[in-house]
Amino acid sequence: MQFRIQRIELLNALSKVSKAVSSKSPLPVLTGIKFEIIDGRLILTGSDSDITIQTIIEEKENILEIVKEGAVVLSSRFISEIIRKIDSEFVTFDIIDGSLTKITGDNSEFNLNGIKSIDYPKIDLNKTGENFKINSVLLKNVIDQTIFATSDKEARPTLTGVNFKSSVDTIECTATDSYRLAKKYIDVEDNLVFNITIPGKSLNEISKIIEKDEVIDIYITDRKILFVLDNVFIQTRLIDGTFPDTSRLIPTSYDYELNADSRELLSAIDRASLLTSESANIVKLTMDKENVTISSSSQEIGSVEEHLTSAIYEGEPLNISFSAKYLTDAVRAIGSNKITIFFTGQMKPFVVKNKSDLSIIQLVLPVRTY
């Protein structure tokens with residue numbers, strides 16, 4: 001294998017595929033990135049067996065010049081650092097002995113021990129299964145508005161991902177850790193029926209890779225899902241198991257309603273939570289038609305009370321306690337200057353919405369403080 005490539009082009013590609021590489025993989029070969037020159041293309045692949053990211057660079061003048069085909073697996077950590085720090089517009093790769101790879105720039109030469117490509121797992125990235133298209137910006141928004149509500153506890157694996165459930169022309173995207181819930185509805189042109197749960201960690205990496213407004217091709221099979229973004233392929237396993245039915249958690253009618261300015265609410269919560277313990281982080285919302293206040297108190301630390309001057313409350317007086325972090329995450333995910341919080345009772349889940357965009361719903365469970 002021998003080729004010459006523009007350093008910045010290679011660095012951008014490495015930054016993508018390295019996201020799928022785990023430094024703690026039990027298989028040493030999976031701590032590396034596979035370089036393969038074939039059919040006038042440089043193919044870079046990174047994988048930790050759960051998620052695989054592959055990017056393709058076509059041979060093009062002043063970008064990539066291929067001398068000889070071949071393949072090798074190079075340490076993700078070291079090759080990324082070498083290409084980042086080498087001071088040269090172009091770099092040359094040459095396998096000089098087995099898997100020993102020489103990497104040269106204008107004034108630098110590195111000899112990096114690699115692993116034979118035959119030891120790298122065979123990964124099927126074929127475009128098969130149910131197929132539909134989605135706008136990249138929309139997908140990134142869906143991820144950002146739901147992923148924070150996934151669970152980080154492996155005891156219930158299905159809750160560590162976001163559930164995508166499609167029927168007719170709508171996809172319902174849901175995440176929950178059993179204490180809060182984030183739901184986003186998106187319209188699609190394709191009439192598909194599926195119910196899958198995608199690992200939150202994989203969605204997080206996909207969100208990082210999306211850089212521009214483009215169409216993403218998605219292919220779904222029984223065990224995996226493939227995202228195709230121009231010259232980048234991202235494939236991840238699906239989580240086994242049935243995602244819980246959360247439809248019954250969302251109230252269909254409400255007895256109390258609070259309309260608030262998002263920035264004022266977030267600032268008040270932030271200040272009120274200053275005097276809470278990091279483990280509890282519980283604040284109290286007290287509402288009547290005259291006053292809306294957010295407060296917290298601790299015998300060891302002290303107390304604080306914040307008045308929401310622009311908030312409008314409708315309903316009988318109500319006191320409700322909740323996690324400051326959970327409501328903060330929910331309000332930020334809504335992404336609107338004005339939000340509405342609907343309540344059905346002191347110890348019942350409450351819902352955060354933007355009345356001008358009903359495609360997103362945030363639900364938070366209150367906390368008993370007595």
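What you see below is based on every heavy atom in this structure, not just the backbone, and it leaves out hydrogens, waters and symmetry mates.
- Counting non-hydrogen atoms of neighbouring residues, nucleotides and ligands closer than 6.0 angstrom, the CG atom of Asp87 reaches no more than 12 such neighbours.
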Given the rule in the side-chain contact (heavy atoms from CB on, under 4.5 Å) test, do Asp213 and Asn135 qualify, once you have shown the distances and angles that lead to the verdict?
CA-CA 7 Å; Asp213 189 343; Asn135 177 267; 2.6 Å; yes
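- In this structure, Asp119 contributes its side chain and Val29 its backbone to no donor-acceptor pair below 3.5 Å.
- Contact check for Ile216 versus Ile210: side-chain heavy atoms found under the 4.5 Å cut-off.
- Phe164 places none of its side-chain heavy atoms less than 4.5 Å from the side chain of Ile220.
- Side chain to side chain, Ser207 and Lys140 meet the donor-acceptor criterion of an N or O pair below 3.5 Å.
- Taking the six-membered ring for Trp and thresholds of 30 and 60 degrees, Phe3 and Phe35 have nearly parallel ring planes, at less than 30 degrees apart.
- Looking at residues two or more places apart in sequence or on another chain, you find no side-chain hydrogen bond (donor to acceptor under 3.5 Å, both in side chains) involving Thr242.
- Ser76 contributes no side-chain N or O that, together with a main-chain N or O of Ser18, makes up a donor-acceptor pair within less than 3.5 Å.
- For Glu316, the CD atom counts as loosely surrounded, since its 6.0 Å shell holds 12 or fewer non-hydrogen atoms of other residues, nucleotides or ligands.
- Looking at every heavy atom in both residues, Thr101 comes nearest to Phe93 through CG2-CD2, 4.0 Å.
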Please assess Thr104 against Asp94 for the test side-chain contact (heavy atoms from CB on, under 4.5 Å), listing each intermediate value before the final yes or no.
CA-CA 9 Å; Thr104 55; Asp94 189 9; over 6 Å; no
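- Between Glu314 and Tyr254 the shortest side-chain heavy-atom distance does not fall below 4.5 Å.
- Ser310 is linked by a side chain to side chain contact (heavy atoms under 4.5 Å, CB included) to Asp261, Glu264, counting only residues two or more places apart in sequence or in another chain.
- Of the charged side-chain nitrogens involved, at least one lies within less than 4.0 Å of a carboxylate oxygen, so that Asp230 and Lys212 count as a salt-bridged pair.
- The main-chain N or O of Ile66 is found under 3.5 Å from a side-chain atom of Glu59 such that the two form a donor-acceptor pair.
- Exactly one of Lys34, Glu36, Gln54 qualifies for a side-chain hydrogen bond (donor to acceptor under 3.5 Å, both in side chains) with Thr45. That residue is Gln54.
- One hydrophobic cluster holds both Ile123 and Leu30 under the rule that ILVMFWY side chains link at heavy-atom gaps under 4.5 Å.
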Derivation of the salt bridge (Lys or Arg N to Asp or Glu O under 4.0 Å) call for Asp329 and Arg180
CA-CA 10 Å; Asp329 288 344; Arg180 56 179 168 173; 2.7 Å; yes
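- A single hydrophobic cluster is not seen to contain both Val367 and Tyr256; linkage of ILVMFWY side chains at heavy-atom distances under 4.5 Å, directly or through other members, places them apart.
- Closest heavy-atom contact between Tyr185 and Leu358: CD1-O, 4.5 Å.
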Check the pair Ser202, Asp50 against side-chain contact (heavy atoms from CB on, under 4.5 Å), reporting the backbone distance first and the verdict last.
CA-CA 8 Å; Ser202 299; Asp50 282 338; 5.5 Å; no
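- The shortest side-chain heavy-atom distance between Asp217 and Lys133 falls under the 4.5 Å cut-off.
- Closest heavy-atom contact between Tyr219 and Val228: CE1-CG2, 4.0 Å.
- The shortest non-hydrogen separation linking Ala71 to Ser117 is CB-OG, 3.4 Å.
- Considering only heavy atoms from C-beta on, Phe227 comes within 4.5 Å of Leu139 through its side chain.
- A pairwise comparison of heavy atoms in Pro157 and Ile239 identifies O-CD1, 3.6 Å as the closest pair.
- The number of heavy-atom neighbours closer than 6.0 Å to CD1 of Ile118, taken from other residues, nucleotides and ligands shown, is 12 or below.
- One N or O on the side chain of Asn231 and one on the backbone of Ile56 form a donor-acceptor pair closer than 3.5 Å.
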Working note: Asn204 + Ile143, criterion side-chain contact (heavy atoms from CB on, under 4.5 Å); need CA distance, chi angles, decisive distance, verdict.
CA-CA 7 Å; Asn204 188 44; Ile143 295 171; 5.8 Å; no
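- In the hydrophobic cluster analysis, where Ile, Leu, Val, Met, Phe, Trp and Tyr join through side-chain heavy atoms closer than 4.5 angstrom, Leu203 is grouped together with Ile209.
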Determine, step by step, whether Ser47 and Thr52 satisfy the side-chain hydrogen bond (donor to acceptor under 3.5 Å, both in side chains) criterion, reporting the C-alpha distance in whole Å, the side-chain angles of both residues, the deciding distance to 0.1 Å, and the verdict.
CA-CA 4 Å; Ser47 179; Thr52 300; 2.9 Å; yes
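- Less than 6.0 angstrom separates the ring centroid of Phe322 from the ring centroid of Phe350.
- A side-chain donor-acceptor contact under 3.5 Å links Ser136 to the backbone of Glu214.
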Take Ser247 and Asp245 through the side-chain hydrogen bond (donor to acceptor under 3.5 Å, both in side chains) test and state the conclusion after the steps.
CA-CA 6 Å; Ser247 59; Asp245 180 10; 2.7 Å; yes
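- Side chain of Arg7 to main chain of Ser88: a donor-acceptor pair is present (N/O by atom type, distance under 3.5 Å, no hydrogens or angles).
- Not one N or O on the side chain of Thr55 forms a donor-acceptor pair closer than 3.5 Å with the backbone of Leu44.
- Tested against Thr197 for a side-chain hydrogen bond (donor to acceptor under 3.5 Å, both in side chains), the candidates Thr174, Thr158, Asp240, Asn163 yield a single pass: Asn163.
- Heavy-atom neighbours of Asn107 CG from other residues, nucleotides or ligands within 6.0 Å: at or below the threshold of 12.
- At least one side-chain heavy atom of Ser262 sits under 4.5 Å from a side-chain heavy atom of Ile339.
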Assess the residue pair Asn259 and Thr340 against the criterion (side-chain hydrogen bond (donor to acceptor under 3.5 Å, both in side chains)); give the C-alpha distance rounded to whole Å, side-chain angles, the decisive distance to 0.1 Å, and a yes or no.
CA-CA 5 Å; Asn259 291 280; Thr340 303; 2.7 Å; yes
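- Hydrophobic cluster membership is shared by Ile196 and Ile218, with clusters built from Ile, Leu, Val, Met, Phe, Trp and Tyr side chains linked at under 4.5 angstrom.
- Remark: side-chain polar atoms of Gln362 are not paired, donor with acceptor, to backbone N or O of Val331 under 3.5 angstrom.
- In plain terms, the two heavy atoms of Thr31 and Ser22 that are nearest each other are CG2-O, 3.4 Å.
- Salt bridge Lys355/Glu257: present, at least one basic N to carboxylate O contact under 4.0 Å.
- Judged purely by atom type and a 3.5 angstrom limit, Gln6 has no side-chain atom pairing as donor or acceptor with the backbone of Glu89.
- Atom OH of Tyr179 has 12 or fewer neighbouring heavy atoms from other residues, nucleotides or ligands inside a 6.0 Å radius.
- Put simply, Ile198 and Phe233 are part of two different groups of oily side chains (I, L, V, M, F, W, Y) that touch within less than 4.5 Å, one to the next.
- Residues Pro251 and Leu363 meet the side-chain proximity criterion, which asks for heavy atoms closer than 4.5 Å.
- Without hydrogens or angle criteria, Ser80 side chain to Arg77 main chain gives no donor-acceptor distance under 3.5 Å.
- With a 4.5 Å cut-off between side-chain heavy atoms of Ile, Leu, Val, Met, Phe, Trp and Tyr, the cluster of Val304 takes in Leu275, Ile301.
- Atom CZ of Arg263 is surrounded by 12 or fewer heavy atoms from other residues, nucleotides or ligands within 6.0 Å.
- The shortest distance between side-chain heavy atoms of Asp48 and Ser25 does not fall below 4.5 Å.
- In the model, Thr276 has a side-chain atom that pairs as donor or acceptor with a side-chain atom of Asn281 under 3.5 Å.
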